Amino acid sequence: AALWRVKQVLTAIGYDSAFNGEVTSENLVGERAIIKVVIQAGKGVNPETGEAYPPRNAVAQVLPIDSGAARNFEDLL
């Protein structure tokens with residue numbers, strides 16, 4: 001995963017944007033965010049097979065879920 005995507009998710013769940021430490025799965029238990037995943041077209045051609053790279057999942061947007069404000073999928077639209 002790209003580092004900027006990881007930072008985007010961590011910021012959405014409450015980590016400081018300047019956080020520069022280690023995160024384990026135990027740190028993430030119970031955390032919540034809305035993550036919009038889209039299918040992104042493959043780019044380029046695999047040099048070994050000559051075939052186009054297949055589509056892949058990509059994180060399009062991440063929204064925090066504040067305890068005082070209800071958020072749902074429609075907030076992503």
Side-chain angles (χ1 to χ4, degrees):
L3 182 58
W4 67 269
R5 286 188 194 122
V6 173
K7 287 188 174 204
Q8 186 181 28
V9 171
L10 290 177
T11 301
I13 63 173
Y15 282 79
D16 186 271
S17 61
F19 176 77
N20 190 21
E22 185 174 319
V23 178
T24 66
S25 57
E26 289 83 17
N27 299 121
L28 303 177
V29 171
E31 298 294 348
R32 304 180 320 151
I34 297 173
I35 301 173
K36 181 179 181 181
V37 177
V38 296
I39 297 175
Q40 188 176 60
K43 297 179 182 176
V45 175
N46 183 326
E48 294 179 10
T49 65
E51 296 179 10
Y53 287 116
R56 64 186 186 122
N57 295 337
V59 173
Q61 190 174 8
V62 179
L63 289 176
I65 299 177
D66 299 325
S67 58
R71 291 204 115 153
N72 56 46
F73 180 74
E74 285 75 31
D75 292 336
L76 292 168
L77 303 177

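Hydrogens, waters and symmetry mates play no part in the numbers below; they use all other heavy atoms, side chains included. The structure presented is a predicted model; accordingly, all values stated were derived computationally and were not measured. If you read the sequence from its start, that first residue is 1, and numbering goes on from there.
Here side-chain hydrogen bond (donor to acceptor under 3.5 Å, both in side chains) pairs that include residues 17-26, with residues two or more places apart or in two chains, are T24-E26, T24-N27.
Under a cut-off of 6.0 angstrom, the local environment of CG in L28 is crowded, with over 12 non-hydrogen atoms contributed by other residues, nucleotides or ligands.
Rounding to the nearest 0.5 Å places CD of Q61 at 11.0 Å from CD1 of I35.
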Run the side-chain donor-acceptor check on residues 6-15: report pairs under 3.5 Å with partners two or more places apart or on a different chain.
| unit_1 | atom_1 | unit_2 | atom_2 | d |
| --- | --- | --- | --- | --- |
| T11 | OG1 | K7 | O | 2.8 |

Output side-chain donor-acceptor pairs under 3.5 Å for residues 46-57, partner residues at least two apart or in another chain, one line each.
| unit_1 | atom_1 | unit_2 | atom_2 | d |
| --- | --- | --- | --- | --- |
| N46 | OD1 | E48 | N | 2.8 |
| N46 | OD1 | T49 | N | 3.4 |
| T49 | OG1 | E51 | N | 3.2 |
| R56 | NE | Q40 | OE1 | 3.1 |
| R56 | NH2 | Q40 | OE1 | 2.9 |

